[in-house]
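Everything numeric in this text was worked out from a predicted model, so none of it was measured. In what follows, chains are A, B, ... by sequence order, proteins preceding strands, each numbered from 1. Below, all heavy atoms of this structure are taken into account, side chains as well, without hydrogens, waters or symmetry copies.
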Amino acid sequence: MYSSEITKASNFVQGVDTAFLVIMGISFLFLIGLTVVMLVFIFKYNKKKNPKATQIEGSTKLEIIWTVIPFLITMLMFYYGWAGWKPMQRAPKDAMEITAYGRMWNFSFEYENGRRTDTLFLPKDQPVKLNLVAMDVLHSLYIPAFRVKQDMVPGKKDNFMWFEPQKVGTYELFCAEYCGLQHSYMYTYVEVMEDSAFQSWITDTTSVAASVAEIESPAATGKRIMQNIGCFACHTLDGTKLVGPSFKGIWGEEQTVQTGREKRQVTVDEDYIRKSIYEPNADVVDGYNKGLMVSYEGQLSDDDINNIIEYLKTVK
Amino acid sequence: MSEDKHHHIVPYRLYVIVLVALLALTFASIGITSIELGEYTVAAALLFAVIKSVLVLTYFMHLKYDKPYIKLMVAFVFAIFVVVIVITFLDYLYRV
Amino acid sequence: MAEHQHAHIEHPDMYDPESSKIGMWLFIFTELLLFGGLFIVYSVYRYLNADAFHLAAEELNTFIGAFNTVILLVSSMTIAMSTTALQKGHKKVAIALLVITFLIGIGFLVNKYIEWGVKFSHGIWPGSEQMLNEMSQGEILFFGLYFVMTGLHALHIIVGLIIMGFAMRGVANGKVNAKRPSLLDNCGLYWHLVDLIWIFLFPLFYLIH
Amino acid sequence: MHTTNAVNGANYLTYQGKYKGLLGWIFSTDHKRIGLLYLYSIATMFATGVLLGLAMKFELLAPGKTIMDAQTYNATFTVHGVIMIFMVVVPGLPAVFGNLMMPIMIGAKDVAFPKLNLLSWWLYIAGVVLVLCALLFGSGTPDTGWTFYAPYSFKTGTNLLPAVFGAFVLGFSSILTGLNFLVTIHRLRCPGMKWTKLPLFVWTLYGTAWIQLLATPVVGITLVLVALERVFGVGVFDPALGGDPVLYQHLFWIYSHPAVYIMILPAMGAISEIIPTFSQKHIFGYKAIIASTLAIAFVGYLVWGHHMFTAGMSGTAQYYFSLLTFIVAIPSAIKVFNWISTMYKGSINIQTPFYWAVSFIFVFMVGGLSGLVLGALATDIYVHDTAFVVAHFHYIVFGGTGFAFFAAMHYWFPKIFGRMYDKAWANIGWLVFFIGFLALYSPMFYLGMMGMPRRYYDYLEEFHGGNILSTLGSWVLVTGFIIIVVNLVRSARKGPPAEMNPWHSKTLEWTVTSPPPVLNFEKEPVLGEKDGPYNYD
């Protein structure tokens, strides 16, 4: 119930919080009631006060009562749980579609006009359908303020979640399904804006992109691409060892890599970088594990990679 | 526990009859699956397999001569397995 | 394994055929559920990839499958007869029937070996280049399951043969006799279980196409 | 025959069999000795698991790195889970107290297959060793979580195979124990011990054994498939080859949900023994408790999907699983009502086991009621995979099974060792442990409600407060644990000799000497019409 009074941030909040209220309310009632009864019995029928026990073997009537009543109560709880969940199942037809990619260990979002970001920007009061795509292993997209969560399953088609943001603000977005080393760092933010602000943001991008192309150097473009697809979740810029080797001073350096079963020396050049992005498991730097990085073939164009190479040259 | 067990001795002849029945069913299932039945092929093949397994259970595995609670256990285990499959398919059959 | 357990040295008076029979049945239940898990996987993937399974099943040789089914059914009968023989006190007949069963079991394995060998020579084995390059996902799943399920079944045949070996020795030296037939009975039950599983494997892999 | 002479007068702890010393223990087929072997091995694994848990809590004391890096943390919670689930709570009560007490409670000399029983223990040890191999050798400790979810479990570079294989062997050990108990309960009850006179602990073991038998093989084959996937790439769960990771979860939970009932049913059974004994009163609703035990065992087998409400199942399946989950809650509630009613008009003798039993009822209620939040669809979507779930299952598995284990330990201790523990220290240990437990896990409910996902090595500043309290709780809990263990270990050797029936109970194990003789009974017991496990007068 994530400070429900403050962040009634989506159309599902009401239903989910009602279910919480009903279930937890009844639960607390039972917990306190039964605990008190138990304590009273222990106190009242203590050996000192009641040296002789009265033998009672049971009562069919009572058994029936305390089977039927809990049954009715649980059915009530089930109903509220179901009612709050039902609307999550079908997205409205006019929903804005955004594709959400989850990979070890970041999220990225692709809008209908092709714009990609690593923060989820959304217009207020507009139904949004997120098509969920997992690139490598299971992830789970979780926005507490919206009360939504859905696993991203690799290979699963038509996997989606939807919601309608109802309050302007910045909210947290977590990965809730354990996905390896940097799982706890796989989070980002949802930025809900007024519709007008959103419209200018999303249309602005094309012009920004155009001007960026003129003003921005290839290296800066490379860095932006790498940020958006999440390279820095595993590769640092300051020489610290994470999942993959750091990018610091990598250009032109001699590296020992594992190719198949053999170890060999390579120089980090254009070919090596390109190959490492397209076939990450072909040459793995000594001391790092295979299988952790997925191929970006089809996701990054040759131009993108040229820009990335330009950027990597500058990381000293 | 020197409890005298009243082990029923099954005559050889009965086993032969069961085997003949099993073989007949095997060939019948090969026959029926080779004709085009569409969706019913799986059902037909499984039906024959179920009949065969009931024969094996009752005669070869002596269930016919065992005490009722053993029969009950066997039935229960098969039933629960079928239920588990059905429940699993509640997911797969109804996926959008 | 329950069948070895009736001779208790520390607690000598505990031979109880009923106990070992229930024990064996319970063990059979776990075996059924072990294969049950695989049958669940099979049925789900068959449902999701009906066409590919259809196609892949045609690659399998129905004749070998049918042949193996027939000999396994015969072996089930011979081992069942062997228990009858033992109860009637015909020790030699019992042993002869066991030997026949044993040989059929070996025959089944030999067939399986040939069948797998043919597949291997066509470049079909789990994770092989040919499978990954030329087959659809459904076909890969079919053959993956084919190797896992028939392989696990073959493993059970081998275990069954080992138990049968012990049973034969027991009958031969008289420790397993008309009064204490549990080992042979349980060996029979286990062998029938192997048969039972094959009764389902055969149509699922060889017949339905 | 040839052993009876040697054992006259000796109890199971002192008797000298075929082998001497340690060998006389690890090759003993006596169910009581095997029970003790399990007690020692499980206690060792439990202590290891507790240490790992403590390390995890220490790491979460503050955001950022505290004592270990992320890889170590992930490995730590994986190993903590594998040890606690497969080596401690699943075998826990059945293997220890089932072995030690069940045959005596039904008036039998031993279990049906004593050698198989010993084999189970050896398999347990083999499984433990295999899992430990995964930790110590190869390319790093497994970091998949105890659930081994596909496809991460075959992408990770860590040394998963031995761990998976170890879990398989442990499962096999559990199956054989269940098989043994089922046959024992069916065949070896003493004359007059009708099904309707069976102590409830035995009944719960019976239900548990069925689940062990029918559910464990499913996870066994699933783990085999994961192993084959890693070695040969059969493609069964690999999405790149057409496999469906959600199917893995189905198979995994077909076992692992019933496994929760493997853990909790015998715990309920032990509590059902302790409450009547200390109330000196017939258990309330004996048949209702049996019925609820069997209902839990059966329905519990069919609700696994409530672990997968966010996994992408069909809406129909979610609806069904949620509905059935609520239905399985009812028999648990019935048990609680019956326990509390048993205290009504009793003559309650408040001793250490009773403290444990009462606190069990409390934490079990909290765990069970929070389970309702997780069973309902809307609320589960919100708290699934958050700290709330961690709190819930620790309340059930640790609070439930763990508390019941300690209750049983303090209840049967005088019978097992023939000595009595220091009651004052035992009570202090309980109190400290209980407070620590509440402080450790209650904040996690709050953290989960705030939206903190589980299995997080690092967290945002807003979750700091709850984590500090939780870590402090872990220290209190461990203090309590140390007090309890020291007291019990000391008393097992130096405590004053215990009476035959210190709690004035009516079940059969209290009619033999403490510790029990080798063959349990001098003369086979016979239950008369009026006798029964709860017939106090």
Q | Under 4.5 Å from any heavy atom of chain D - which part of Met152(A) | A | neither

Q.
Run the side chain to side chain donor-acceptor pair (under 3.5 Å) test on Asp143(D) and Gln71(D) for me, step by step, so that the C-alpha distance in whole Å, both residues' side-chain angles and the decisive distance to 0.1 Å come before the verdict.
A. CA-CA 7 Å; Asp143(D) 63 339; Gln71(D) 185 65 36; 3.2 Å; yes

Q. So which part of Phe77(D) gets closer than 4.5 Å to some heavy atom of chain A, the side chain, the backbone, both or neither?
A. side chain

Q | Pairs of heavy atoms under 4.5 Å with chain A: top-ranked of Gly312(D), Ala333(D), Ser153(D) | A | Gly312(D)

(Q) Counting only non-hydrogen atoms closer than 4.5 Å, does Glu177(A) touch chain D with its backbone (N, CA, C, O), its side chain (CB onward), both, or neither? (A) both

Q.
For Asn338(D), which atoms come within 4.5 Å of any heavy atom of chain A: side chain, backbone, both, or neither?
A. both

Q | chain D contacts, top residue of Asn46(A), Ile56(A), Asp158(A), Val148(A) (heavy-atom pairs, under 4.5 Å) | A | Ile56(A)

**Q.** Contact origin within Thr147(D) toward chain A - heavy atom pairs under 4.5 Å
**A.** neither

Q: Could you tell me whether the side chains of Tyr395(D) and Ser442(D) share a donor-acceptor contact shorter than 3.5 Å?
A: yes

Q. Which atom pair, heavy atoms only, marks the closest approach of Pro151(D) to Pro239(D)?
A. CB-CD, 4.0 Å

Q) Checking Ser59(A) against chain D: side chain, backbone, both or neither under 4.5 Å from a heavy atom? A) both

Q. For the candidates Ser27(A), Gly15(A), Pro70(A), which exhibits the highest count of non-hydrogen atom pairs separated by less than 4.5 Å from chain D?
A. Ser27(A)

Q) Taking His306(D) for the side chain and Thr325(D) for the main chain, is one N or O donor matched with an acceptor at less than 3.5 Å? A) no

Q) Side chain of Lys281(D), backbone of Ala53(A): donor and acceptor closer than 3.5 Å? A) no

Q. Quick one: what part of Tyr457(D) sits under 4.5 Å from any heavy atom of chain A, side chain, backbone, both or neither?
A. both

Q: Quick one: which of Gln280(D), Lys287(D), Arg454(D), Gln318(D) has the most heavy-atom pairs under 4.5 Å with chain A, could you say?
A: Gln318(D)

Q: Mind ranking Lys52(A), Glu57(A), Gln89(A), Glu63(A) by heavy-atom pairs under 4.5 Å with chain D and telling me who comes out on top?
A: Glu57(A)

Q. Where on Phe388(D) is there a heavy atom nearer than 4.5 Å to chain A: the side chain, the backbone, both, or neither?
A. side chain

Q. Do the ring centers of Trp503(D) and Phe278(D) come within less than 6.0 Å of each other?
A. yes

Q: Would you mind checking if Arg455(D) and Asp385(D) are paired as a salt bridge, meaning a charged N to carboxylate O distance below 4.0 Å?
A: no

Q.
Under 4.5 Å from any heavy atom of chain D, what part of Ile73(A) do you find: side chain, backbone, both or neither?
A. neither

Q) Out of Phe284(D), Phe354(D), Phe360(D), which residue meets the ring pair (Phe, Tyr, Trp, His ring centres under 6.0 Å) rule with Trp339(D)? A) Phe360(D)

Q) What residue, out of Leu323(D), Asp238(D), Asn349(D), Val373(D), has the most heavy-atom pairs lying under 4.5 Å from chain A? A) Leu323(D)

Q | Residue Ile340(D) versus chain A: region with a heavy atom under 4.5 Å | A | both

(Q) With chain D as the partner, which of Phe160(A), Phe71(A), Phe78(A), Trp82(A) has the greatest number of non-hydrogen pairs under 4.5 Å? (A) Phe78(A)

Q | Asp286(A) bridged to Lys263(A) by N-O distance under 4.0 Å | A | yes

(Q) For the aromatic rings, using the six-membered ring if either is Trp, is the centroid distance between Tyr152(D) and Tyr178(A) under 6.0 Å? (A) yes

Q: Among Met75(A), Lys44(A), Met77(A), single out the residue with the greatest number of heavy-atom pairs under 4.5 Å to chain D.
A: Met77(A)

Q | Name of the residue among Phe174(A), Tyr171(A), Phe12(A) meeting ring pair (Phe, Tyr, Trp, His ring centres under 6.0 Å) with Phe146(A) | A | Tyr171(A)

Q: Pick whichever of Val246(D), Asn535(D), Val383(D) has the most heavy-atom pairs under 4.5 Å with chain A.
A: Val383(D)

**Q.** Region of Ser370(D) that comes under 4.5 Å of a non-hydrogen atom in chain A
**A.** neither

Q. Do we get Lys149(A) above Tyr142(A)'s six-membered ring, with its NZ or CZ under 6.0 Å from the centre and within 45° of the axis?
A. yes

Q) Which answer fits Ile350(D), side chain, backbone, both or neither, if we ask what part of it has an atom under 4.5 Å from a heavy atom of chain A? A) side chain

(Q) Can you tell me which portion of Gln150(A) sits under 4.5 Å from chain D's heavy atoms? Options are side chain, backbone, both or neither. (A) both

Q | Contact class of Ala150(D) relative to chain A, heavy atoms under 4.5 angstrom | A | backbone

**Q.** Interchain contact, Tyr73(D) with chain A, by part (heavy-atom threshold 4.5 Å)
**A.** neither

Q. For Tyr185(A), is it the side chain, the backbone, both or neither that has a heavy atom under 4.5 Å from a heavy atom of chain D?
A. side chain

Q: Find the one option among Cys175(A), Ser140(A), Ala134(A) whose heavy-atom pairs under 4.5 Å with chain D are most numerous.
A: Cys175(A)

Q. Is there a side-chain contact between Leu132(A) and Leu141(A), using heavy atoms and a 4.5 Å cut-off?
A. yes

Q) Should Leu120(A) and Leu173(A) count as side-chain neighbours, where that means a heavy-atom distance under 4.5 Å? A) yes

Q) Ala376(D), Gly368(D), Gly285(D): which one forms the most heavy-atom pairs within less than 4.5 Å of chain A? A) Gly285(D)

Q: Measure Val336(D) against the heavy atoms of chain A and call it side chain, backbone, both or neither at under 4.5 Å.
A: side chain

Q: Using the six-membered ring of Phe43(A), assess whether NZ or CZ of Lys49(A) lies under 6.0 Å from its centre and within 45 degrees of the ring axis.
A: yes

Q) Any sub-3.5 Å donor-acceptor pair from Asn467(D)'s side-chain atoms to Phe463(D)'s backbone N or O? A) yes

Q | Met186(A), part contacting chain D, at a heavy-atom distance under 4.5 Å | A | backbone

**Q.** Backbone of Gly64(D) reached by a side-chain donor or acceptor of Asp458(D) within 3.5 Å
**A.** yes

Q. For the candidates Tyr319(D), Phe362(D), Tyr149(D), Tyr286(D), which exhibits the highest count of non-hydrogen atom pairs separated by less than 4.5 Å from chain A?
A. Tyr319(D)

